[in-house]
Amino acid sequence: MEQLSILFIAKKLIGIFLLPPMLPLVIIAGGLLCQIWRPRAGRWIAWAGLVVGLLVCWPDSVAWLLRGLERDPPIAAAQLKQAQAIVILAGGRRSNAPELGGETVNRITLERVRYGARLARQTGLPVLVSGGSPTSGTSEAELMRRTLKEDFGIAARWVEGASLDTHENAVFSAKLLQPKGYTRVALVTHAAHMPRSVGEFERAGFTVYPAPTAYLGSHGGEAQALPALPSASSAYGGFYALHEWVGLIALRLRGQ
């Protein structure tokens, strides 16, 4: 477990420097350093960092990044009838929630849990929650189980609390579900996270019915979270979109 935690932390640290807000700052800092030896090249690199910083928070460019990710429409009733179970993926935790008695799910996970609870109430399908912890603390899946039960009145049948990324979400969920004959799942996660999630779960042997929630970009109407000018919302959308594109590239490099 300690080795897994070290690998998880190392992967997260690498990701920090490949994503905003650090990515444009790293480029700018590299350009400023480069000016010591090559002033002209250094200036161009620094300006490039500024342009990257604008692109990853400008609503139009962020919407373009999201468009290639948020491809799946809301799940249809006919698809839900084909599913045998609902799988909800974790998206993080809050370690300090004193008003709730300690730690709990974060905003991202709560959005997924809320939609998963709605689908479970509509269909009566059993629910699996998936998400571990890189430390020895309470798993995200356990926090999801508590939230589902205490706030939405839904009891999760399976709690998969060992996974540390989307790949492990799929592999460990398969170990719980497939021996019992559950191979068709409605998969609940953020719309932008869905392409990577579907790919992993299909490789793990599931028939997947995407059940996306929390669209950040435009989907058949006005933008959900992107204003006309750069803001905290568009900056978050840019971070999330770039995070998913980096994840998809990593999958390709792994040959999957």
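Under the 4.5 Å side-chain contact rule for hydrophobic residues, Leu89 and Val208 share a cluster. Hydrophobic clustering keeps Ile108 apart from Val113 (ILVMFWY residues linked when any side-chain heavy atoms are closer than 4.5 Å, directly or through intermediates). In the hydrophobic clustering of this structure, Leu187 does not group with Tyr209; members are Ile, Leu, Val, Met, Phe, Trp, Tyr whose side-chain heavy atoms approach within less than 4.5 Å, directly or through other members. There is a path of hydrophobic side-chain contacts, each under 4.5 Å, that joins Val87 to Met194. Put simply, Leu242 and Ile27 are part of the same group of oily side chains (I, L, V, M, F, W, Y) that touch within less than 4.5 Å, one to the next.
With hydrogens and angles ignored, the 3.5 Å screen pairs a side-chain donor or acceptor of Ser234 with a backbone N or O of Ser231. Of the possible polar contacts, one joining the Gln79 side chain to the Ala76 backbone as a donor-acceptor pair under 3.5 Å is found. Panel note: side chain Arg112, backbone Ala90; a donor-acceptor pair is recorded below 3.5 Å. With hydrogens and angles disregarded, no donor-acceptor distance shorter than 3.5 Å links the side chain of Arg93 to the backbone of Ser133. Glu168 contributes a side-chain N or O that, together with a main-chain N or O of Leu164, makes up a donor-acceptor pair within less than 3.5 Å. Here the side chain of Arg145 pairs no donor or acceptor atom with the backbone of Ala141 at under 3.5 angstrom. Glu140 contributes a side-chain N or O that, together with a main-chain N or O of Gly92, makes up a donor-acceptor pair within less than 3.5 Å. The main-chain N or O of Gly91 is found under 3.5 Å from a side-chain atom of Thr109 such that the two form a donor-acceptor pair. For the pair Arg121 (side chain) and Phe152 (backbone), a donor-acceptor distance under 3.5 Å is present. Put simply, the side chain of Trp245 gets close to the backbone of Leu65: a donor and an acceptor are under 3.5 Å apart.
The pair Arg71-Glu244 does not count as a salt bridge, with every side-chain nitrogen at least 4.0 angstrom from each carboxylate oxygen. Looking at Arg146 and Glu142, a side-chain N of the basic residue comes within less than 4.0 Å of a carboxylate O on the acidic one, giving a salt bridge.
In terms of the ring pair (Phe, Tyr, Trp, His ring centres under 6.0 Å) criterion, Trp58 has no residue partners (sequence neighbours excluded).
Between Leu216 and Val62 the shortest side-chain heavy-atom distance does not fall below 4.5 Å. Two residues are said to be in side-chain contact when any heavy atoms from C-beta on lie closer than 4.5 Å; Leu143 and Thr104 fail this criterion. In this structure, the side chains of Thr189 and Thr166 stay at 4.5 Å or more apart for every pair of heavy atoms. With a 4.5 Å cut-off on side-chain heavy atoms, Asn169 and Phe201 count as touching. Gln84 places none of its side-chain heavy atoms less than 4.5 Å from the side chain of Leu177. Counting heavy atoms from C-beta on, the side chains of Ser130 and Phe172 never come closer than 4.5 Å. Considering only heavy atoms from C-beta on, Pro74 comes within 4.5 Å of Tyr215 through its side chain. Counting only heavy atoms from C-beta outward, the side chains of Leu119 and Leu125 never approach each other to under 4.5 Å.
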N/O donor-acceptor pairs under 3.5 Å from side chains in residues 29-53, not counting sequence neighbours:
none

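Taking the ring axis of Tyr236 as reference, the NZ or CZ atom of Arg107 stays within 45° of it and closer than 6.0 Å to the ring centre.
Within a 6.0 Å sphere centred on CZ of Arg184, other residues, nucleotides and ligands contribute more than 12 heavy atoms.
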